[in-house]
Amino acid sequence: MAEPLIEARDLRLALPDLNARPLFGAAPRVEILKGLSFDVARGRVLGIVGESGSGKSTLGRCLVRLLEPTGGTLRFDGDDITHADTRALKRHRRDLQMIFQDPMSSLNPRHSVLRLVEAPMRLYGVANAEDRAREVLERVQLGGAFARRYPHQLSGGQRQRVGIARALALSPRFILADEIVSGLDVSTQAQIIRLLERLVDEMDLTLAFISHDLSVIRRLCHEVIVLRAGEIVEAGPTAEVFAAPKHPYTAELKAAIPLPDPDAGWLSQP
Amino acid sequence: MSALLRIEGLNVSVGRGGPRLLRDVSLSVAAGETHGLVGESGAGKSMIGKAIAGVLPRGIAVRSGRILFDGQDLTALPRRARRRLVGERIAIIPQDPLTALNPCRRIGGQITDRLVHILGWDAGRARARAAELLDEVAIREPGRVMQAYPHEVSGGMRQRVLIAAAFAAEPALIIADEPTTALDVTVQRQVLRLIGELQARHGTALLFVTHDMGVVAKLCRSLSVLYAGKVVDQGPAARIFGPDPHPYARALIAATPRYDRPEESLMPVPEAVIAALDAEVAAADRDWTDG
Amino acid sequence: MVRLWLAGGWLALLLVAAVFAPWIAPQDPLAQDLFLERLPPVWAEGHEPGYYLGTDSLGRDVLSRLIHGARIALIVAILAGGAAALIGSVLGLLAGYMGGWTDRVIGRVIDVWMSFPPVLFAILLVAVLGTGLHSVIIAIAVIDWTRFARVIRAETLAQSRMDYVASAVVIGRSRLGILATEVVPNVLPTILVLLSLEMGIAVIVEAILSFVNLSISSDDPTWGGMIAEGRTQIHFAPWVLVAPMVALFFTVLAFSQFGEGLKDRIDPVLR
Amino acid sequence: MTTVVTLFGVALVVFVVIRLAPGDPIAMMLPPGADAEDMARLRAAYGLDRSVPEQFLIWLGGVVRGDFGTSISLRQDVGALVLDRLPATLELALLALAIAVAIGTTLAVIGTLRRQRPAESAVDLWNGMTLSIPDFLWGLIFILLFGVVVPLFPVSGRISPALDPDYATGFLLVESLLRLDLRVTGDLLHHMALPALALALPLSAVIAQVLKQSLKEVMHLDYVTLARAKGYSEIAVLFREALRNAVLPTLTLVGVQFTFLIGGTVIVEKLFSYGGLGNLAIDAVINRDLPLIQGIVLLFAVLFIATNLIVDLAYAALNPRLRHG
C-alpha cells in the first residue's frame with residue numbers, strides 16, 4: 001500500500017496551565033495530547049471522535065499546524081513538519097486546509113462571499129481567480145447572487161458551505177473538518193454531510209473529520225479513531241469498530257446514543 | 001382523565017400585529033405524563049414553555065388562546081396570582097447549566113429560594129429538604145455543595161443541582177427546555193435517567209423541549225412536532241415513530257443520523273414537504289387577525 | 001440616523017465658517033473700539049447694527065471672534081485628533097497583535113501615561129513647550145494617544161483570537177498580511193468612532209488651555225479665550241460667555257453624536 | 001511591584017518634561033537686575049546647578065525619606081502644602097462620585113425596568129448628552145444658570161469666610177458632620193454642589209450606560225428567567241439576582257472613570273476658585289514651581305493607583321470566583 005498522506009507518531013502537546021499561575025517561574029504544563037500515533041491514508045476519510053475534553057480539536061489544530069506539537073513527529077507527504085517554521089510550512093500551506101466549527105467566527109464579517117473564497121487563490125496567484133471561485137461556489141450550491149452577500153446575510157448552513165468552498169479553493173490535498181455540523185439543525189446537517197460525501201467522491205479528497213457524533217462518523221468515515229483524555233482508546237475501519245467495539249469506552253459511547261426508535265427500556269439499561 | 005395542562009389555540013406574537021411565533025397551538029399533558037415538543041430552531045418549541053411559565057421576553061406576548069393549568073386559565077389570572085401559582089406548581093429545567101445558576105450566590109440558596117420565599121418555609125426546613133434532594137440526584141456531599149459557588153462544581157454537577165432545584169417544591173409540572181443539549185452523550189444519558197427516575201417517584205408531569213428526535217423517542221409517550229410555530233403532528237410516539245407520521249415528522253426522523261443504518265439516515269428533508277408546510281402557514285396567516 | 005445628519009450638519013457648518021472666516025465674519029475679530037464696548041446682541045435694547053452677538057469689554061465683535069475661533073478649534077480637532085489616533089492606533093495594534101514583550105512595554109507606558117491627570121499634564125506640556133497652536137496640538141496628541149491605544153489593543157487582541165485569523169494562517173497568509181486584511185478592517189470602525197470623540201475632546205482641551213491663558217496669544221480669537229474673558233464679565237455682559245459656550249457645547253455634542261451615529265451605521269455589518 | 005514601577009515611571013516622565021522647560025524659575029524668583037552671583041547661589045540652594053540625572057536621584061532620595069523638597073514660589077515644604085490641600089480635593093471628588101453613583105444607578109434601574117418603553121429612550125437621550133459634555137462645560141453652564149441667571153449657589157470658594165472653622169483636620173465636611181456642626185456642613189455642601197455636580201454628570205452617564213447594558217445582558221440569562229419562573233416580581237428579580245452580577249463589569253470601568261474625575265478636579269477647581277490641589281497645581285505650573293509640580297503630579301498618580309487598587313479589591317470581594325486563592 002502507498003505511503004499515507006499524514007503520519008503521526010507519538011504526537012504530544014502540552015500547554016501551560018492557565019488556571020494555575022504561580023508567582024514565580026513558568027506555569028506548569030498540562031498534557032493535552034498524550035502520544036498519538038495514526039495515519040491518514042490518501043483519498044480516505046478519517047473520523048476523529050471523542051467527548052469534550054478529549055483533545056480532538058487540539059489534535060485537529062496540530063494536524064494543520066495551527067499549533068506546534070511539543071513531542072513526537074508529524075509527517076505530511078513524507079516531509080517532517082512537526083516543528084517546521086512559517087517559511088518551511090509555506091510550501092505545504094495550500095495543501096493543508098481546514099473547515100472551522102463556527103462559520104460566524106471563521107468568516108471575516110467584512111468580506112463578501114466571493115472575496116472570502118477568492119482570497120486564497122489570489123494569494124497564490126491562481127489565474128482567473130474570480131471564475132474559479134464562482135465555480136467552487138457552484139459546487140457547494142451557492143451559485144449566482146450568493147457571491148455578493150456577506151456572512152451575516154446567510155443562514156447557518158449556507159455559511160458552512162462558504163467555509164467548505166474556501167477550503168476547497170486551493171484544491172488542497174488534505175482538509176480538516178472540525179465539528180462542522182455540530183451547530184446545525186438536523187435537516188441542514190443532513191444536507192452538509194451529503195454535500196461533503198459527494199465532494200469526497202468527486203474530488204478524491206483526503207479528509208479528517210472531527211465530531212462528537214458517532215452516527216455521523218459512521219456514515220462518512222472510512223476509518224475512525226476514538227479519543228479519550230488525549231489518548232486513542234480504539235482505532236480501525238469504521239464498520240468494524242461499530243460492529244464490535246473492542247474498548248468498553250467505545251461501547252459505552254455507542255450505547256449512549258439515543259436512536260430515533262421508541263424504547264422505554266433504553267433509559268434504565270445499565 | 002382530565003388534563004393537568006391544556007393549551008387551546010395559543011397565539012404568541014412580537015408586538016401587536018407583528019410576526020406570529022406560535023400559531024394556534026393546542027396540546028394537553030396529563031398529570032405524571034411526559035410530552036415532547038420537537039422542532040428545528042425557530043419552530044417556537046421553547047416559546048411554549050416560556051408562555052406557560054409567564055417568562056416571555058419583553059415585547060413578545062400571548063395574543064389569544066388559553067393556557068389551562070389544573071382548570072385555571074393562566075392568561076386570565078392577575079399578574080401576582082399567576083406568579084404565585086407558577087412559583088408553587090411549575091418549575092423549569094433550563095438548557096445551559098453554565099448560565100442557569102447565579103454565579104454570585106451559593107448553590108444552597110438557589111435551591112431553597114422557592115421554598116423560603118414563595119412557600120414560606122423556615123430556613124432550616126428548606127435546607128434539610130435541599131440536602132435531601134441533592135442526595136436524590138446522587139450528589140455525595142450535599143452540605144459541601146450547598147455551601148459552594150456554582151463555579152466551584154463541575155458542569156454535570158451543576159445540571160444535577162438544577163434538577164434538584166426544579167423538584168424542590170414538588171411541582172405538578174416541569175418544563176425541561178433542552179436540558180441536555182450542551183452535554184456529552186454519556187452525561188446526557190445519566191441526566192435523562194435521573195429526570196426520568198425523579199419524575200416517576202414524584203408523579204410530576206414533564207414537558208420536554210428538544211430538537212433531538214432520538215431523545216424524544218426514548219423519553220416521551222406522546223409528542224408534538226412543530227414547524228414555524230405551528231403543531232404539524234401530535235400524538236403517541238408509537239404512531240409518529242411508527243407507521244403513520246406526518247410527512248414532515250417522517251422527514252425529521254429520516255434526517256437524524258443513526259449508526260445502525262447509516263445509509264437510511266441523514267436524508268435531507270424533501271423540498272416538497274417544506275413547500276407544503278410554508279403554504280399552509282401562509283394560508284393560516286391570511287385568515288388570522290390580531291384579536 | 002437623524003442624529004448623524006444633525007451632527008454632521010453642524011460640523012459642516014463649522015467647517016464652512018472656519019474655511020471662509022475672513023469673508024463671512026462681519027467685523028475684524030481683532031479690532032478694538034472702546035466706544036463700542038459691551039454692546040448687547042441684536043435682539044436686546046441698545047445694540048448697534050453689524051454687531052449681531054454684541055461686543056466684549058474691548059469692543060470686539062463677538063460673532064466675528066466666534067467664527068474665527070472655529071478655525072482654531074477645527075485645526076486643533078483635526079490635527080491633534082488625527083495625530084493621537086495615528087500614534088495610539090499603531091501602538092495599540094502592535095501591542096495587541098504582537099503580544100509578548102512588545103505588549104508588555106507598550107502596556108506599561110500606557111499605565112504610566114494613565115496615571116497623570118490629563119488636563120494638568122496638558123497644561124504642564126504647553127507650559128514647557130511654550131504657548132502657541134503647535135504646542136497645543138502636540139500636547140493633546142502626546143497625552144490622548146492612550147485613549148486609542150487602550151481600546152485598540154483590546155480590540156485587536158479579541159480579533160486575533162477569531163477563527164478567521166486562524167483561517168488566514170491556514171491559507172498561508174503572512175503575519176503582516178493578516179494584520180492588513182483581517183484585523184485592521186475590523187478595528188477601523190472603532191478607530192473612526194474614537195477619532196470623532198477625540199476631536200470633540202481636543203476642542204475642549206484647547207478651550208481649557210485658552211481658558212487658563214496658555215493656548216495662543218490672548219488677542220487671537222479662541223473660544224476658550226472668549227470664555228475666560230466672558231467669565232470676568234459674567235455680571236455685566238453675559239453674552240460674551242454664552243456665545244462661545246453654546247458653540248463649544250454644540251460642537252462637542254456634534255462630534256460625539258457623529259461618532260455614535262457612525263457606530264450604529266457600521267455595526268449592522270458586524271452582526 | 002508594578003505599582004512601584006509605574007510610580008517611578010511617572011516621576012521620571014515629569015522630571016524629564018519639566019527639565020526640558022526653557023523658562024528659568026530662578027530668574028522668575030528674583031527681582032530684575034539681580035546679579036549672576038545671586039542667581040548661582042539660589043540655584044545651588046535648590047540643587048539646580050547639578051546635572052539632570054543627579055537632580056533626579058537627589059529628589060528621589062528625598063521622596064523615599066518623605067521629603068518632597070521646598071516650593072520655589074511659595075517657599076514652603078511641598079509635602080505640607082500638598083497635604084494641606086489634599087482633603088479639599090478628596091472631599092470634592094468623593095462627593096462627586098457619590099452623586100454620580102446615585103444618579104447613574106437610578107437611571108440604569110429605571111431604564112432596565114421600563115425597557116422598550118419611552119422612559120428608556122429618555123434615559124438614553126439624557127445619557128448621550130451628559131456623556132459627551134465634559135465637566136469643564138458643565139461647570140460653565142452651572143455658573144451661568146445657578147450663579148447668575150438664578151443665583152441659588154455660590155460660584156467660588158469652598159466655604160463662606162465668616163464660617164471658616166478652626167478644625168483639626170482639612171476634611172472639613174467629614175469633621176463638621178462628626179462635630180454635628182451642621183451650619184458648616186450646609187455651607188460646605190452649598191459651595192461644593194455645583195463643582196461636584198459638574199464633575200459627577202459625565203461619570204453618572206458612564207455608570208448609567210454601562211450598568212444598564214450589563215443589566216440588560218444579565219436579565220436575559222437563564223438564571224434570571226428561572227428566578228422569574230420561581231415567582232419573583234420583576235423588581236425583586238432585578239435586585240436579588242441581576243444587580244450584583246451587573247455591577248461587576250461596571251465596577252472596573254468606574255475605577256478608570258473615577259481617575260478621570262480626579263483629573264477633572266484640576267480645571268473644575270480653577271473654574272470655581274475652589275481651594276484644592278488642582279488650583280494649586282495650575283498656579284504651580286504657571287509659576288514654574290518645579291518641586292511643587294513634581295509633588296502634586298506624584299500625589300495624583302498615587303491617587304489614581306490607589307483608586308485602581310481599591311477597585312480591584314472591591315471586585316474580588318464581590319466576585320466569588322476570585323475569592324479563594
Side-chain angles (χ1 to χ4, degrees), chain C residues 3 7 107-130 142 147 150 196-197 200-201 203-205 207-209 211-214 224 227-228 230-231 234-235 238 241-242 244-246 248-261, chain D residues 2-3 5-14 17-23 125 128-129 131-138 140-141 143-144 147-149 155 256 259-260 262-268 270-271 277-278 281-282 284-288 293 296-298 300-305 308:
Chain C
R3 63 177 177 181
R108 177 47 44 81
V109 173
I110 292 176
D111 277 352
V112 169
W113 243 246
M114 301 273 299
S115 304
F116 291 106
V119 171
L120 184 57
F121 198 12
I123 292 172
L124 184 62
L125 273 179
V126 174
V128 167
L129 295 168
V142 163
R147 288 175 190 272
R150 247 172 13 114
S196 188
L197 286 176
I201 293 169
V203 171
I204 281 286
V205 173
I208 289 176
L209 289 170
F211 179 77
V212 297
N213 216 350
L214 273 172
I227 287 173
R231 174 82 172 87
I234 194 164
H235 292 285
L241 177 62
V242 172
M245 252 175 63
V246 169
L248 201 55
F249 185 92
F250 280 117
T251 307
V252 175
L253 198 62
F255 272 123
S256 80
Q257 293 306 304
F258 192 73
E260 291 292 316
Chain D
T2 51
T3 316
V5 176
T6 306
L7 279 177
F8 181 82
V10 169
L12 188 65
V13 171
V14 182
V17 166
I18 295 174
R19 289 308 186 275
L20 293 174
L125 200 70
M129 203 177 75
L131 192 62
S132 39
I133 303 303
D135 40 27
F136 173 65
L137 256 181
W138 283 123
L140 283 170
I141 292 170
I143 286 176
L144 198 69
V148 177
V149 178
V155 293
V256 176
T259 63
F260 291 162
I262 297 176
T265 58
V266 173
I267 193 68
V268 170
K270 181 80 192 163
L271 205 55
L277 267 182
I282 291 184
V285 172
I286 290 171
N287 293 325
R288 297 285 154 87
I293 297 173
I296 294 174
V297 172
L298 202 64
F300 270 115
V302 170
L303 282 181
F304 285 14
I305 291 166
N308 290 327

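Throughout, a chain's letter reflects where its sequence line sits, starting with A, and its residues are numbered from 1.
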Drop me the distance from D:Leu298's CG to C:Phe116's CZ, to the nearest 0.5 angstrom. 9.5 Å
Chain C: which of D:Gly147, D:Ala281, D:Gly264 shares the most heavy-atom pairs with it under 4.5 Å? D:Ala281
Is it the backbone or the side chain of D:Ile296 that comes under 4.5 Å from a heavy atom of chain C, or both, or neither? side chain
Closest non-hydrogen atom pair between C:Gln257 and D:Ser132, with its separation: NE2-OG, 4.1 Å
For chain D, find which of C:Leu248, C:Leu125, C:Ile208 contributes the most heavy-atom pairs closer than 4.5 angstrom. C:Ile208
Rounded to the nearest 0.5 Å, the CE atom of C:Met245 sits from the CD1 atom of D:Ile143 at a distance of 9.0 Å
What part of C:Ile227 is in contact with chain D, defined as an atom under 4.5 angstrom from a non-hydrogen atom: side chain, backbone, both or neither? side chain
Do C:Val252 and D:Pro134 come within less than 4.5 Å of each other through their side chains, counting heavy atoms only? yes
Taking every non-hydrogen pair under 4.5 Å, which of C:Ile234, C:Val242, C:Val109, C:Val119 racks up the most with chain D? C:Ile234
Would one find more than 12 heavy atoms of other residues, nucleotides or ligands at under 6.0 Å from atom CZ of C:Phe249? yes
How many angstroms lie between CG in D:Leu7 and CG in C:Asp111, if you round to the nearest 0.5 Å? 11.0 Å
Let's test your reading of the structure: which of C:Arg231, C:Glu260, C:His235 forms the most heavy-atom pairs below 4.5 Å with chain D? C:Arg231
Centre of D:Phe8's six-membered ring, under 6.0 Å away, within 45 degrees of the axis: is that where NZ or CZ of C:Arg108 sits? no
Residue C:Leu241 versus chain D: region with a heavy atom under 4.5 Å: side chain
Checked D:Val13, D:Val297, D:Leu12 vs chain C; the most non-hydrogen pairs under 4.5 Å come from D:Val13
Assert top hit (heavy-atom pairs under 4.5 Å, partner chain C, pool D:Asn308, D:Leu271, D:Val155, D:Val149) equals D:Leu271
When rounded to the nearest 0.5 Å, the distance separating CG of C:Leu209 from CD1 of D:Ile267 is 8.0 Å
So what's closer than 4.5 Å to chain C heavy atoms on D:Val10: side chain, backbone, both or neither? both
Cut-off 4.5 Å, heavy atoms of chain C, and the answer for D:Leu140 is both
Determine the minimum heavy-atom distance between D:Gly9 and C:Val112, stating which atoms define it. C-CG1, 3.7 Å
One option among D:Ile262, D:Val148, D:Ile293, D:Ile282 has the most heavy-atom pairs under 4.5 Å with chain C, and it is D:Val148
In the structure I gave you, are the side-chain heavy atoms of C:Val126 and D:Val285 within less than 4.5 Å of one another anywhere? no
Taking side chain as C-beta onward, heavy atoms only, is C:Met114 less than 4.5 Å from D:Thr259? no
Pairs of heavy atoms under 4.5 Å with chain C: top-ranked of D:Val266, D:Val14, D:Ile133: D:Ile133
For D:Phe136, which atoms come within 4.5 Å of any heavy atom of chain C: side chain, backbone, both, or neither? side chain
